[in-house]
Q: 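If you scroll down you'll find the structure; I have some questions about it.
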Amino acid sequence: MERFEASDYHDIVQVTDPRLSPDGERVAFVRKEPTDDDEYETTVYVVSAAGDGPPRQFTAEEGSDGEPRWSPSGDRLAFTSARGDADTPQLWVLPTDGGEARQVTDVVGGVGSIAWSPHGEHVAFVQRATAEERDKELDLDASEAPEYEREAPDPRVIDRTVYRAGTQYFDGLRSHLYTVTVGHAGEESEGDVTRHTDGEFDFSAPEFGDSDTLYYAVNRDEDPDDSIVYDIDALDLSSGEAETLVRTTGWVATIAATEDGLVAYPRTPEEKAAMRQTELEVIDRETGETVTPTGALDRTVAPAGFQFDGDLLYFLTPDEGALVARRAAIEDDADCDVLVSEGELSGLSVQDGRVAFTRSEWDHRGDVFSLVDGDTTRLSEVNADLLAERDVQEPEEFWFTSDENDVQGWVLTPPDYDPDEEYPLAVEIHGGPHVMWSTSGTMFHEFQLLAARGYVVFWCNPRGSTGYGEDHAMGIDRDWGDVTMQDVFAGADVVCEEYGVDEDAQFVTGGSFGGYMTAWIVGHSDRFAGAVAQRGVYDLSSFYGSTDAFQLIEMDFSTTPWEDPEFLWEHSPVAHVEDVTTPTLVMHADDDYRVPVNNGEMLYLFLRKQGVDTRLVRYPREGHELSRSGEPSHVVDRLERTVRWFDGYSDHHDVERALDRGDDGLSSAEESDAEDDGE
């Protein structure tokens, strides 16, 4: 068996967005695979829900496909795709009994969040366009203006509180709601697009009730960028009149609805919302009654992926290292039965009691599954060939106590682990800070890679994490650094004692909040021989002033930079660089608008001024999702540089410091040398 390498990322397939057909017999899903250093191929596949045949490719390999959605009768599959010369996704419809996909829209802002009407004659979607584009009706039909291209403003004049996110500036773009007529199977003409909203607001989450009712969410506060309050509206398509059903609060607005007037939506308490539980509420339009099925459940609800099926509501919740599927009756404080309790679920679809889901487990990156009559069937094994050749290690779960709190952690040992030998330790800290890690998910490859390189790997869900109740999530109120460090150290102490760790060869890394914690730890302890801080928040005030998530500081620290600048400075890792001696690599993405690169620049410069071994690595074209969905060559490079940095300060690896190795050991250098030899 071969050990994992960073370059294996090029061969790892990901599956997402499972969708059951209306008869519950088939599951459509998206398959994503790297094609070269820069791009991925994303294609829709379909598989039998009974597992009696392998998945088959359903859409062409050209372009980037997503959001597969069955028509109500199951005779067509709608999906979004950017194909040919198009750089924005359009709506396509494909007959499910054979035939060619046809493009239904040609709109300037692209298509997303698609939803079929109950009779299958229309598809609703969201599109981002400027007021000028709407005035010219390019958001309805851009085919008459093939030469039109968006140009970045010069100069760029900002008049919004939040004016960029992801890797893009908004530049006047607003999200509005549309429907397009798709007719019936066999029709070849493009559909007529109708815009149903307008103005300087962002509309989202379209969901049909009956064929004449379209629900959506919109934030109409005086400054929507500085609010987590949403209206849930019902639009009567026949009259064009809309009414607000309810106002709710939360980070993400999503909706599920039934034809007979039930509407479900998430609600998070507004005060300290980042640390609070998200509940599901259901309003009955006929009676006006509102119930909270999840009211008695001390677990937060994943804000996406919930849906009705008959008299039940299905949803996902993080729960002690697993992301599980539950269902509940539509009543206050219902019993929330667990349907799928193991692994990390990332998608959920239900039809007449049948459930399709994607799940990652300790021994695979993720596959499609079904639950039919109580029996779970694995429908895909997309990485079977790769995993059959790799030595996959099984993590060991353990619980430990930190300041009288129970904390869940895991340890992964190297292949051929010998308890009588000593090994270096790699400590991984998750981002968020209010998320939860499992034994699988997006970190599967990184954990296995570090173990393959000879490290004992430790990770945990310290206070602040979701999945353990609200008190656990609230445990870092006004104190990200010391509380989390205490929990991480308590778990690492157990690993050092029980797994033969060389205490002089301990290393730490993390991204986003994990980057914050990495920098915080090296400023408060010399425990680690090396550290890699990735995409981290290092100065709370500058982060507040440059991110789209500034409310996180207000909620978690109950202050702002002008109210208590000294407090936020003391809780910023860069305030403690005078005490850093640990060699620290800093990695950041150039187009990261969640944690802008100035935070990485600041930490790097401060470390340099202190004479600490350091280096700044910046990834062009990348945003905050670098480790999860960055260009394949960048994902691999990030992993290789992390391992190289650790190796260089470990007596267990006979290599020089990364600072002295040049490009040795980097795939990018090997590819460049190969190209030079070919010339």
Q: Would a distance-only check, ignoring hydrogens and angles, find a side-chain to backbone donor-acceptor pair under 3.5 Å from Thr130 to Glu133?
A: yes
Q: Give every residue pair that meets the salt bridge (charged side-chain N to carboxylate O under 4.0 Å, His left out) criterion with at least one member in residues 155-170, sequence neighbours excluded.
A: Arg156-Asp171, Arg160-Asp202, Arg160-Asp225
Q: Between Thr248 and Pro266, what is the shortest heavy-atom contact and its length?
A: OG1-O, 2.7 Å
Q: In this structure, are over 12 heavy atoms from other groups packed under 6.0 Å from Asp260 atom CG?
A: yes
Q: Name the orientation class of the two ring planes belonging to Phe357 and Phe369 (parallel below 30°, tilted from 30 to 60°, perpendicular beyond 60°).
A: parallel
Q: Taking side chain to side chain contact (heavy atoms under 4.5 Å, CB included) as the definition, give me every residue that meets it alongside Ala82, ordered by chain and number, with sequence neighbours left out.
A: none
Q: Please check if the side chain of Asp221 supplies one atom and the backbone of Pro224 the other of a donor-acceptor pair under 3.5 Å.
A: no
Q: Using the salt bridge (Lys or Arg N to Asp or Glu O under 4.0 Å) criterion, which residues pair with Arg56? Sequence neighbours excluded.
A: none
Q: Assess the residue pair Phe308 and Ile330 against the criterion (side chain to side chain contact (heavy atoms under 4.5 Å, CB included)); give the C-alpha distance rounded to whole Å, side-chain angles, the decisive distance to 0.1 Å, and a yes or no.
A: CA-CA 9 Å; Phe308 290 102; Ile330 303 167; 3.6 Å; yes
Q: Checking Arg19 against Ser349: is there a side-chain donor and acceptor pair closer than 3.5 Å?
A: no
Q: Any carboxylate oxygen within less than 4.0 angstrom of a Lys/Arg side-chain nitrogen, looking at Arg359 and Glu344?
A: no
Q: Are Arg83 and Gln90 close enough, and set up right, to give a side chain to side chain contact (heavy atoms under 4.5 Å, CB included), and what steps lead you there?
A: CA-CA 8 Å; Arg83 300 185 174 193; Gln90 302 295 333; over 6 Å; no
Q: Please check if the distance between the ring centroids of Tyr163 and Phe170 is under 6.0 Å.
A: no
Q: Aromatic rings Phe79 and Trp92: how do their planes relate, parallel, tilted or perpendicular, breaks at 30° and 60°?
A: parallel
Q: Whether Glu41 and Lys32 form a salt bridge (side-chain N of Lys/Arg under 4.0 Å from carboxylate O of Asp/Glu) is what I want to check.
A: no
Q: Please walk me through it: do Met587 and Arg535 pass side chain to side chain contact (heavy atoms under 4.5 Å, CB included)?
A: CA-CA 6 Å; Met587 293 197 285; Arg535 308 182 317 285; over 6 Å; no
Q: Would you check if the side chain of Thr292 reaches a backbone N or O of Thr294 as a donor-acceptor pair within less than 3.5 Å?
A: no
Q: Given salt bridge (Lys or Arg N to Asp or Glu O under 4.0 Å), test Asp548 with Arg594 step by step and report yes or no.
A: CA-CA 6 Å; Asp548 63 330; Arg594 173 56 52 85; 2.7 Å; yes
Q: If I compare all heavy atoms of Ala356 with all of Pro18, which pair ends up nearest, and what's the gap?
A: O-CG, 4.3 Å
Q: Can any side-chain N or O of Glu270 pair as donor or acceptor with the backbone N or O of Ile228 at less than 3.5 Å?
A: no
Q: Checking the side chain of Arg327 only, and the main-chain atoms of Asp309 only, is there a donor and an acceptor separated by less than 3.5 Å?
A: no
Q: What I want to check is whether the side chains of Thr268 and Thr278 have a donor and an acceptor closer together than 3.5 Å.
A: yes
Q: Ignoring hydrogens and geometry beyond distance, is a side-chain donor-acceptor pair present between Thr59 and Thr43 at under 3.5 Å?
A: no
Q: Which value, rounded to the nearest 0.5 Å, describes the distance between Ser64 atom OG and Asp87 atom CG?
A: 12.0 Å
Q: Only counting residues at least two apart or in another chain, list the ones meeting salt bridge (Lys or Arg N to Asp or Glu O under 4.0 Å) with Glu381.
A: none
Q: With sequence neighbours left out, what residues match Gln57 under side-chain hydrogen bond (donor to acceptor under 3.5 Å, both in side chains)?
A: Tyr45
Q: For the residue pair His445 and Tyr9, does the interplanar ring angle fall in the parallel (under 30°), tilted (30 to 60°) or perpendicular (over 60°) class?
A: parallel
Q: Would Ser175 and Arg128 count as a side chain to side chain donor-acceptor pair (under 3.5 Å) if you check the C-alpha gap in whole Å, the side-chain angles of each, and the deciding distance to 0.1 Å?
A: CA-CA 4 Å; Ser175 297; Arg128 291 172 61 78; 3.3 Å; yes
Q: Could you tell me whether the side chains of Thr197 and His176 share a donor-acceptor contact shorter than 3.5 Å?
A: yes
Q: Can you tell me if CD on Glu286 sees more than 12 non-hydrogen neighbours from other groups inside 6.0 Å?
A: no
Q: Let's go through Glu554 and Tyr544 carefully: what are the C-alpha distance in whole Å and the side-chain angles of both, what is the deciding distance for side chain to side chain donor-acceptor pair (under 3.5 Å) to 0.1 Å, and is it a yes or a no?
A: CA-CA 9 Å; Glu554 297 175 353; Tyr544 181 95; 2.7 Å; yes
Q: Any side-chain heavy atom of His624 within less than 4.5 Å of one from Ser512?
A: yes
Q: Under the salt bridge (Lys or Arg N to Asp or Glu O under 4.0 Å) rule, collect the residues that match up with Glu137, sequence neighbours excluded.
A: none
Q: Could you please spell out the steps behind the side chain to side chain donor-acceptor pair (under 3.5 Å) verdict for Thr317 and Arg326?
A: CA-CA 7 Å; Thr317 68; Arg326 298 178 186 264; 2.8 Å; yes
Q: Are any side-chain N or O atoms of Thr105 and backbone N or O atoms of Val107, one a donor and one an acceptor, separated by less than 3.5 Å?
A: no
Q: Does the side chain of Thr244 pick up a donor-acceptor pair with the side chain of Asp233 at under 3.5 Å?
A: yes
Q: If you look at every heavy atom in Trp251 and Leu552, which pair is closest and at what distance?
A: CH2-N, 4.3 Å
Q: If only side-chain N and O atoms count, and only distance matters, is there a donor-acceptor pair under 3.5 Å linking Glu281 with Tyr265?
A: yes
Q: Given the ring of Tyr178, does Arg195 sit roughly above its face, with NZ or CZ under 6.0 Å from the centre of the six-membered ring and within 45° of the axis?
A: no
Q: Ring centres under 6.0 Å, that's the criterion: do Tyr593 and Tyr169 meet it?
A: yes
Q: Test Val111 against Gln127 for side chain to side chain contact (heavy atoms under 4.5 Å, CB included), laying out the working first.
A: CA-CA 5 Å; Val111 170; Gln127 177 186 184; 5.9 Å; no
Q: Taking 4.0 angstrom as the limit, do Arg31 and Glu33 come out as a salt bridge?
A: yes
Q: Determine yes or no for a side-chain-to-main-chain donor-acceptor pair under 3.5 angstrom, with Asp17 supplying the side chain and Gly66 the backbone.
A: no
Q: Taking the side chain from Glu631 and the backbone from Ser633, do they hold a donor-acceptor pair closer than 3.5 Å?
A: no
Q: So do Val246 and Arg267 actually touch side chain to side chain, heavy atoms under 4.5 Å?
A: yes
Q: Counting distance only, does the side-chain N/O of Thr358 pair as donor-acceptor with the main-chain N or O of Gly347 below 3.5 Å?
A: yes
Q: What I want to check is whether the side chains of Thr179 and His122 have a donor and an acceptor closer together than 3.5 Å.
A: no
Q: Would you find a donor on one side and an acceptor on the other, under 3.5 Å apart, between the side chain of Ser370 and the backbone of Ala49?
A: yes
Q: How about Asp65 and Thr42: does a side-chain donor come under 3.5 Å of a side-chain acceptor?
A: no
Q: Do we see a donor-acceptor contact under 3.5 Å between the side chains of Asp75 and Thr96?
A: no
Q: Please find the pair of heavy atoms, one from Ser117 and one from Pro72, that lie closest to each other, and give the distance.
A: O-CG, 3.1 Å
Q: What heavy-atom pair brings Leu177 and Phe203 nearest, and what distance separates the two atoms?
A: CD1-CB, 3.7 Å
